[in-house]
Amino acid sequence: MPYFDAASTAPLHPVARQALLAALDEGWADPARLHRSARQARMLLDAARETVAEVLGARADEVSFTASGTQSLQLGVLGALRGHRRRGSHLVHSAVEHSAVLHTAERWEADGGAVTSVPVDRHGRVSAGEFAAALRPDTALAVLQSANHEVGTLQPVAETAALLGDVPLLVDAAQSAGRLPVPAGWSLLTASAHKWGGPAGVGVLAVRKGVRFSSALPADDREGGRVPGFPNVPAIVAAAASLRAVRAGAEAEDARLRELVDLIRHRVPRLVPAVEVVGHPEQRLPHLVTFSCLYVDGEALLTELDRAGFAVSSGSSCTSSTLTPSHVLAAMGVLTEGNLRVSLPAGTTRAEVDAFLDVLPRVVADVRAPLGLDLALPADGPADDHPAGALVLDTLGRRCPIPVIELAKHIGEVAPGGRVAVLSDDEAARHDIPAWCEMCGHTYAGEAPAAEYGGSHGTAYLVQRS
């Protein structure tokens, strides 16, 4: 089965496997002790730290190993905020940061801190000037990812860092570490080994010398006092070895994968009706592409593609576990339904991509078929003679993408300039209906209480046919 979900976790790199097996024999002891086995483990741990520091552009004593990228972000954000508490308690981050940052920010705010979320454009990219403008005299930390995990957009990290003055900047490099050069200007840096082909269970937290840091956890002597607990030396050794190997071949492999992603970006809109490719067209990761298929649920597409032999992921708003919109797609103002993220691991072939492109149109058509949706909307329609001056579509109690599907089915029933009111109580509709209008060339006219259009509750989303 072609595996196209490297942004979630990359397959274990052959070098990581070899290093892990060797280190299991040589690095199992406690590196904090003084006997021979411990000294051997310490030598392996020190060498791994040197390797990771070199690739990330840090000093070895600035690098600590954690249990995951999520833990690195949580410890990094809280440690930096606590370390700079004399400056203030204000945190600034972009609206598309990883959920680990957002959840940590929520906890910080609940405990009395202040948080500002900086918006992004439709490509998912912040403006360096707007980000810097969000700073206050009491800002203690700024957080900006190097590349987005859902749509691949690269952020202007170095440009932003240059405008922050003495405010420390934490950069989440989980999606770019090993693949791209580390951007300049960071004060703290986090990464995750399984994203570059290392073993799961190893994260990286780097803190520049001179940056104040006070761990939010009880004191511990290991990992520079930043991360408590016994380090997994064999996994860390494997992570470092694979990081060096991946970075050494990154330029050639990224160029090859970029060509395959470009192929997907250009062919999917021509093969599948009503599709929008999201994310920045140029400032993006070389191996990742995300596109939105109108009128379908992302999970349904995932299931059918899995049956067809392709492993991909989705930023769909309605998932079985959360039933909440993707905060990244919502912040961008694009559809939160029907999204597919294709992220190619090293070694992906043109034949595998061609096979995916052959299967995708059939899968999307099969998922859409039961809806009875005619994607070729009529050029014109009857006069608008509906109550309250609008065609009212009651989708209350029905989750997205149903409100968007009903809108697409019936928009042709009003004359150009006519209005449709979609009644919905699903929060995702607030993002998806304006995004649909943007994609299809209609005008989003705002919202009103559903009661004004005969609804018992919820919101009326108003669309004017162009």
Side-chain angles (χ1 to χ4, degrees), residues 49 52-94 96-105 107-108 113 115-116 118 126 128 131-132 134-135 139-147 149 155-178 180-193 195 202-217 220 222-228 243:
R49 201 183 310 276
V52 172
E54 180 183 356
V55 174
L56 299 183
R59 291 172 32 157
D61 59 356
E62 295 173 337
V63 173
S64 298
F65 294 108
T66 71
S68 67
T70 293
Q71 187 184 62
S72 296
L73 283 170
Q74 292 172 341
L75 294 178
V77 170
L78 293 177
L81 286 170
R82 285 169 54 88
H84 293 85
R85 56 187 177 273
R86 290 186 179 180
R87 179 195 296 269
S89 61
H90 181 227
L91 168 66
V92 176
H93 63 76
S94 84
V96 294
E97 296 300 313
H98 190 274
S99 58
V101 172
L102 302 191
H103 293 159
T104 305
R107 173 64 62 85
W108 180 253
V115 178
T116 297
V118 180
V126 300
F131 193 97
L135 301 185
T139 302
L141 179 67
V143 181
L144 183 61
Q145 61 192 189
S146 59
H149 48 292
Q155 299 295 352
V157 173
E159 181 183 353
T160 302
L163 301 177
L164 299 185
D166 60 352
V167 174
L169 174 65
L170 186 154
V171 173
D172 172 12
Q175 288 296 335
S176 64
L180 299 174
V182 174
W186 60 270
S187 305
L188 302 96
L189 185 84
T190 63
S192 182
K195 303 292 187 182
V202 178
V204 176
L205 170 60
V207 182
R208 290 286 194 203
K209 282 293 182 183
V211 174
R212 295 181 179 276
F213 187 93
S214 176
S215 176
L217 299 176
D220 192 284
R222 298 179 187 270
E223 294 303 302
R226 303 185 190 109
V227 187
L243 179 60

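Numbering starts at 1 and runs along the sequence shown. Side chains are part of it too, since the values below use all heavy atoms of this structure and drop only hydrogens, waters and symmetry mates.
Under 4.0 Å is where a charged nitrogen must lie from a carboxylate oxygen, and between Arg49 and Asp61 no such pair does.
A 4.5 Å side-chain heavy-atom check between Glu62 and Val207 finds every atom pair outside the cut-off. By the 4.5 Å heavy-atom criterion applied to side chains, Val96 and Gln155 are counted as neighbours. His149 places none of its side-chain heavy atoms less than 4.5 Å from the side chain of Asp172. Side-chain contact check for Leu189 versus Leu170: every heavy-atom pair is 4.5 Å or farther apart. No side-chain heavy atom of Thr116 sits under 4.5 Å from any side-chain heavy atom of Phe131. Leu144 has its side chain within reach of Val126: a pair of non-hydrogen atoms, C-beta onward, lies under 4.5 Å apart. Counting heavy atoms from C-beta on, the side chains of Val63 and Phe65 come closer than 4.5 Å. In this structure the side chain of Val157 reaches within 4.5 angstrom of the side chain of Leu169, judged on heavy atoms.
Taken from NE2 in His90 to CG in Leu81, the straight-line distance is 10.5 Å, to the nearest 0.5 Å. Here CZ of Arg59 is found 5.5 Å from NZ of Lys209. Values are rounded to the nearest 0.5 Å. Interatomic distance, OG1 of Thr190 versus CG of Leu73, reported as 4.0 Å (0.5 Å rounding). In this structure, CG on Leu91 lies 9.0 Å from OG1 on Thr104, to the nearest 0.5 angstrom. We find the CZ-CH2 distance between Arg208 and Trp186 to be 3.5 Å, quoted to the nearest 0.5 Å. Taking CG of Leu243 as the reference point, atom NZ of Lys195 lies at 15.0 Å (rounded to 0.5 Å).
Side-chain atoms of Ser94 and Glu97 include a donor-acceptor pair closer than 3.5 Å. Between Ser146 and Ser176, the side chains place a donor N or O and an acceptor N or O closer than 3.5 Å (distance only, hydrogens not considered). Side-chain atoms of Arg226 and Ser64 include a donor-acceptor pair closer than 3.5 Å.
Ser187 approaches Pro168 most closely through the heavy-atom pair OG-CA, 3.4 Å. Considering all non-hydrogen atoms of both residues, Leu78 and Ala216 come closest at CB-CB, 3.8 Å. Between Ala132 and Leu163 the shortest heavy-atom distance is CB-CB, 3.7 Å. Val167 and Ala142 get closest at one heavy-atom pair: CG1-N, 4.0 Å. When all heavy atoms of Ala128 and Pro156 are compared, the pair lying nearest together is N-CG, 4.3 Å. When every heavy atom of Val92 is checked against every heavy atom of Ala134, the shortest pair comes out as CG2-O, 3.8 Å.
The stretch residues 85-94 participates, sequence neighbours left out, in these salt bridge (charged side-chain N to carboxylate O under 4.0 Å, His left out) pairs: Arg87-Asp166.
The closest donor-acceptor contact from the side chain of Ser72 to the backbone of Val204 lies under 3.5 Å. Remark: side-chain polar atoms of Thr66 are paired, donor with acceptor, to backbone N or O of Ser68 under 3.5 angstrom. When atom types are taken as modelled, the side chain of Arg82 and the backbone of Ser215 share a donor-acceptor pair closer than 3.5 angstrom.
No more than 12 heavy-atom neighbours from other residues, nucleotides or ligands sit within 6.0 angstrom of CZ on Arg212.
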Val115 vs His93, side chain to side chain contact (heavy atoms under 4.5 Å, CB included): CA-CA, chis, key distance, verdict: CA-CA 8 Å; Val115 178; His93 63 76; 3.5 Å; yes
Derivation of the side chain to side chain contact (heavy atoms under 4.5 Å, CB included) call for Trp108 and Val77: CA-CA 9 Å; Trp108 180 253; Val77 170; over 6 Å; no
Derivation of the side chain to side chain contact (heavy atoms under 4.5 Å, CB included) call for Gln71 and Leu205: CA-CA 9 Å; Gln71 187 184 62; Leu205 170 60; over 6 Å; no
